[in-house]
Amino acid sequence: MALRFYNTLTQQVEPFTPLHGNVVRLYTCGPTVYNYVHIGNLRTFTFQDILRRWLQARGYKMDHVMNITDIEDKIIRHAAAAQQTIYEYTARYTEAFLEDTATLRMQRPERFVKATECIDDMVAAIQTLEQKGFTYMSEGSVYYRIAKFPSYGKLSHNDFSGIRAGARVDVDEYDKADARDFVLWKAKKDEEPAWRTPFGEGRPGWHIECSVMAMKYLGETLDIHTGGVDLTFPHHENEIAQSEAITGKPFARFWLHAEHLSVDAQKMSKSVGNFYTLRDLTAEGYAPEAIRYLLASVHYRKKLNFTFEGLKAAATSIERLRNYKRRLETAKFAPGTNSRLAERTQAALKAFDESLDDDLNTAEALAAAFEYVRDTNTAMDSGEFQAGNAAGGLEFLARFDSVFDVLQPTQKTGGLSDAGIDAMIADRTAAKKSRDFGKADQIRKDLAQQGVILEDTKDGVRWKRQ
RNA sequence: GGCGCGGUAGCCAAGUGGUAAGGCAGAGGUCUGCAAAACCUUUAUUCGUCGGUUCGACUCCGAUCCGCGCCUCCA
């Protein structure tokens with residue numbers, strides 16, 4: 001079966017092909033840069049990375065835009081508290097975001113867009129909405145009138161017909177015409193950063209950012225738009241209302257939403273003390289690859305319960321795959337090619353691909369990988385595996401790693417050089433030959449203390465860094 | 001109240017109307033000077049509970065219990 005995704009809009013799994021040729025126009029909601037991102041955010045970004053990697057594995061070219069929200073209430077507040085401009089303040093966390101996603105080996109989107117770089121476009125969009133009668137002013141702010149957009153609610157599958165247009169709700173606080181109306185342009189208050197516009201000084205609402213940035217670079221109809229489940233309503237619903245009111249065309253064909261991550265079955269919160277950033281985890285010695293593996297190993301539409309036990313299990317699982325890879329690369333096999341195993345490789349590739357084609361079923365893809373590894377390891381033990389089969393094993397791992405990207409250890413700085421390690425191994429081999437096992441074991445222990453693990457195999461000594 | 005998601009072995013987690021993938025952990029074993037790695041065996045007669053449909057359901061239907069998310073900012 002062909003590549004297919006679950007579409008929040010239709011609540012069904014649908015075959016996917018791009019609208020234009022083989023280029024996928026993808027918009028993913030990026031971070032609001034007022035702090036370090038936490039592992040829950042990173043779960044969603046990991047999902048987006050898996051998505052774009054798999055699309056590419058399937059032969060598509062990516063045109064992927066991710067926004068950086070760098071003007072927003074919390075940013076204004078935090079920047080003021082730090083006595084910095086919003087630009088100074090957000091620069092730091094934007095940089096941190098790029099570092100964190102790079103640490104987790106996420107591919108960079110073709111384009112990052114900052115909200116503050118698109119203010120003119122947002123103003124123009126709001127003016128278009130104004131001309132079409134979708135807006136009204138209230139206390140200096142511009143609001144979107146959802147009563148003018150009959151299909152409002154189609155993404156989140158909420159029925160708003162019961163809310164009477166014109167009914168005034170929360171009059172004192174918002175003075176909106178309808179409880180669901182949302183702000184397009186916020187009037188300036190106090191010393192807040194602001195831009196001069198035809199409708200007064202102020203700053204853009206959050207929702208208009210994404211509509212404008214997406215359409216500016218990707219056109220009026222996107223192939224895929226993604227974000228966390230919590231963005232489905234109201235953020236994405238509002239994006240649809242704005243964009244489709246402007247263009248009269250479908251805004252995005254596929255909406256993919258990533259479920260949340262919880263920690264020890266609870267929502268992450270600073271007060272509970274179960275709130276983690278990537279930096280918290282790497283500082284405790286957890287490998288970025290293990291974190292990436294854990295975040296990617298659970299299907300993106302299923303809640304992921306983060307535990308340290310799970311993180312350790314992820315690290316062990318990766319180790320097993322790496323050991324397998326080293327065995328493929330270093331063991332000596334009998335010449336020739338076993339045809340049954342060659343077929344087994346093809347079957348494994350097929351199973352792997354079909355799993356990911358099925359709405360990115362990463363858990364099933366992992367199962368396909370481990371079954372293949374077990375079978376071929378068994379074949380190596382029995383001698384059935386031949387030299388000509390090694391390429392197939394490596395091909396499978398390359399396929400695997402083009403999506404999961406966890407096999408290459410993150411390089412640690414310092415430590416012994418390869419040549420130094422080889423010299424110590426030579427000493428140990430000599431000691432073993434003269435049956436001086438005490439000395440041999442001592443060398444192995446010394447190496448282990450420096451993070452180098454030795455394995456004696458019938459083809460000689462194999463080593464790895466821990 | 002509305003919308004949505006989930007409850008599968010110690011933990012994590014796939015899955016199909018035809019009799020339970022995979023990973024981690026545990027136990028035993030093979031191999032090895034020892035270790036490591038790898039492999040083998042073993043750990044759910046059972047898939048929240050109760051009914052129904054069916055030759056047959058964990059998978060379909062109904063009910064029910066429990067947990068969670070969104071409905072205000074939020075990945």
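Below, read A as the first sequence line, B as the second, and so on, with proteins coming before strands; counting in each chain starts at 1. All values derive from a computational prediction rather than experimental measurement.
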Quiz item: Do A/Phe97 and A/Phe45 make the cut of ring centroids closer than 6.0 angstrom?
Solution: yes
Quiz prompt | Strand-adjacent residues in residues 37-47 of chain A, judged by heavy atoms under 4.0 Å from RNA chain B | solution = A/His38, A/Gly40, A/Asn41, A/Thr44
Quiz item: Base, sugar-phosphate, or nothing: which does A/Leu454 touch, judged by heavy atoms less than 4.0 Å apart?
Solution: base
Quiz item: Of A/Leu304 and A/Thr32, whose nearest nucleotide on RNA chain B comes first from the 5' end?
Solution: A/Leu304
Quiz item: For the residue pair A/His225 and A/Phe251, is the inter-centroid distance of their aromatic rings smaller than 6.0 Å?
Solution: yes
Quiz prompt | Qualifying residues under salt bridge (Lys or Arg N to Asp or Glu O under 4.0 Å), relative to A/Arg43, sequence neighbours excluded | solution = none
Quiz item: Which one is paired to B/U16, where only Watson-Crick or G-U wobble pairs with both distances under 3.5 angstrom count?
Solution: none
Self-check item: Atom pair distance, as rounded to whole Å: CG in A/Leu231 and P in B/C71
Solution: 10 Å
Quiz item: Can you tell which of B/A75, B/A13, B/A21 lies closest to the side chain of A/Glu371?
Solution: B/A21
Exercise. Nearest whole angstrom, please: distance from the C1' of B/A20 to the CD of A/Glu364.
Key: 14 Å
Self-check item: Candidates B/C24, B/A36, B/A75 - which lies nearest the side chain of A/His260
Solution: B/A75
Practice problem: Pick base, sugar-phosphate or nothing for A/Ala363, based on heavy-atom distances below 4.0 Å to the nucleic acid. | Solution: base
Quiz item: Within this structure, what is the CG-to-P distance between A/Leu256 and B/C5, rounded to whole angstrom?
Solution: 15 Å
Self-check item: B/U59 and B/G6, which share atom name C1', separated by this distance in whole Å
Solution: 16 Å
Quiz prompt | Position toward the 5' end of RNA chain B (nearest nucleotide), A/Phe233 or A/Lys74 | solution = A/Phe233
Exercise. To the nearest Å, give me how far apart CG (A/Leu360) and P (B/A14) are.
Key: 13 Å
Quiz prompt | Short N-O contact, A/Glu455 and A/Arg462, less than 4.0 angstrom | solution = yes
Quiz item: Would you call A/Glu110 and A/Arg52 a salt bridge, using N to O less than 4.0 angstrom?
Solution: yes
Exercise. Take the protein atom CZ of A/Phe182 and the nucleotide atom P of B/C73, then report the distance between them rounded to whole Å.
Key: 11 Å
Quiz prompt | Separation of the P atoms in B/A63 and B/G2, to the nearest angstrom | solution = 13 Å
Quiz prompt | Main-chain N/O of A/Ala241 paired to A/Tyr144 side chain as donor or acceptor, under 3.5 Å | solution = yes
Practice problem: Find the distance A/Met268:CE to B/G69:P and express it as a whole number of Å. | Solution: 13 Å
Self-check item: Strand partner of B/C24, provided both Watson-Crick or wobble distances fall under 3.5 Å
Solution: B/G10
For nucleotides 65-67 of chain B, which of its nitrogen or oxygen atoms have a protein nitrogen or oxygen under 3.5 Å away, and what is each distance?
none

Quiz item: Can you find a side chain N or O atom of A/Arg322 that sits less than 4.0 Å from OP1 or OP2 on B/A37?
Solution: no
Exercise. Check for a donor-acceptor pair, side chain of A/Asn7 on one end and backbone N or O of A/Arg253 on the other, with a separation under 3.5 Å.
Key: yes
Quiz item: Considering only the P atoms, how many Å lie between B/U8 and B/A14, rounded to the nearest integer?
Solution: 11 Å
Quiz item: Which base sits across from B/C73 as a Watson-Crick or G-U pair, both distances under 3.5 Å?
Solution: none
Quick test: give all pairs of protein nitrogen or oxygen and nucleotides 32-34 of chain B nitrogen or oxygen below 3.5 Å, distance rounded to 0.1 Å.
| unit_1 | atom_1 | unit_2 | atom_2 | d |
| --- | --- | --- | --- | --- |
| B/G33 | N1 | A/Asp441 | OD1 | 3.1 |
| B/G33 | N2 | A/Asp441 | OD2 | 2.7 |
| B/C34 | O2 | A/Arg444 | NH2 | 2.5 |
| B/C34 | N3 | A/Arg444 | NH1 | 3.0 |
| B/C34 | N4 | A/Asp456 | OD2 | 2.9 |

Exercise. Answer yes when A/Asp357 and A/Arg4 have at least one side-chain N-carboxylate O distance shorter than 4.0 Å, and no when they do not.
Key: no
Practice problem: May I ask you to decide whether A/Arg428 forms a salt bridge with A/Asp446, counting only side-chain N to carboxylate O separations under 4.0 Å? | Solution: no
Self-check item: Distance, rounded to the nearest Å, where A/Leu311 contributes CG and B/C11 contributes P
Solution: 19 Å
Quiz prompt | Phosphate OP1/OP2 of B/A37: any A/Lys464 side-chain N/O under 4.0 Å | solution = no
Self-check item: Donor-acceptor pair, side chain of A/Arg25 and main chain of A/Leu218, under 3.5 angstrom
Solution: yes
Quiz item: Restricting to pairs with a member in residues 391-402 of chain A, which pass salt bridge (Lys or Arg N to Asp or Glu O under 4.0 Å), not counting sequence neighbours?
Solution: A/Asp353-A/Arg399
Quiz item: Is atom CZ of A/Arg279 surrounded by more than 12 heavy atoms (other residues, nucleotides or ligands) closer than 6.0 Å?
Solution: yes
Quiz item: Between B/G2, B/A14, B/G23, which one does the side chain of A/Ser317 approach most closely?
Solution: B/G23
Self-check item: Atom C1', compared across B/G7 and B/G48: separation rounded to whole Å
Solution: 6 Å
Quiz item: According to the Watson-Crick and G-U wobble definitions, with both distances under 3.5 Å, which nucleotide is paired to B/G4?
Solution: B/C68
Quiz item: Paired with B/A44 by Watson-Crick or G-U wobble geometry, both distances under 3.5 Å: which nucleotide is it?
Solution: none
Quiz item: Which part of the nucleic acid, if any, lies within contact of A/His157, taking any heavy atom under 4.0 Å across all strands shown: a base, the sugar-phosphate backbone alone, or nothing?
Solution: sugar-phosphate
Exercise. For B/C58, give its Watson-Crick or G-U wobble partner with both distances under 3.5 Å, or none.
Key: none
Quiz prompt | Among B/A75, B/C73, B/A36, the nucleotide that comes nearest once only the side chain of A/Glu72 is considered | solution = B/C73
Quiz item: Is the backbone of A/Phe404 close enough, under 3.5 Å, to the side chain of A/Arg292 for a donor and an acceptor to pair up by distance?
Solution: yes
Quiz prompt | Cationic N near anionic O, under 4.0 Å, A/Glu209 to A/Arg203 | solution = no
Quiz item: Which nucleotide sits closest to the side chain of A/Ala367: B/G7, B/A21, B/G69?
Solution: B/A21
I'd like a table of atom pairs between the protein and nucleotides 38-40 of chain B - only N or O on both sides, under 3.5 Å - with the distance next to each one.
| unit_1 | atom_1 | unit_2 | atom_2 | d |
| --- | --- | --- | --- | --- |
| B/A38 | O3' | A/Asn377 | ND2 | 3.0 |
| B/A38 | O2' | A/Arg327 | NH1 | 3.2 |
| B/A38 | O2' | A/Asp381 | OD1 | 3.4 |
| B/A38 | O2' | A/Asp381 | OD2 | 2.9 |
| B/C39 | OP1 | A/Arg320 | NH2 | 3.1 |
| B/C39 | OP1 | A/Asn377 | ND2 | 3.3 |
| B/C39 | O4' | A/Asp381 | OD2 | 2.8 |
| B/C39 | O3' | A/Thr378 | OG1 | 3.0 |

Exercise. Figure out the CZ/P separation between A/Phe404 and B/G23, and round it to whole Å.
Key: 14 Å
Quiz item: Which base, if any, makes a Watson-Crick or G-U wobble pair with B/C34, both distances under 3.5 Å?
Solution: none
Quiz item: Charged N to carboxylate O below 4.0 Å: is that the case for A/Glu319 and A/Lys464?
Solution: yes
Practice problem: May I ask you to say whether A/Lys445 pairs ionically with A/Asp441, meaning some side-chain N is under 4.0 Å from a carboxylate O? | Solution: no
Exercise. Taking the six-membered ring for Trp and the single ring otherwise, decide whether the centroids of A/His207 and A/His236 are under 6.0 Å apart.
Key: no
Quiz item: Out of B/A14, B/C24, B/C12, which nucleotide sits closest to the side chain of A/Asn305?
Solution: B/C12
Self-check item: From B/G22, B/C73, B/G6, nucleotide with atom closest to A/Phe370 side chain
Solution: B/G22
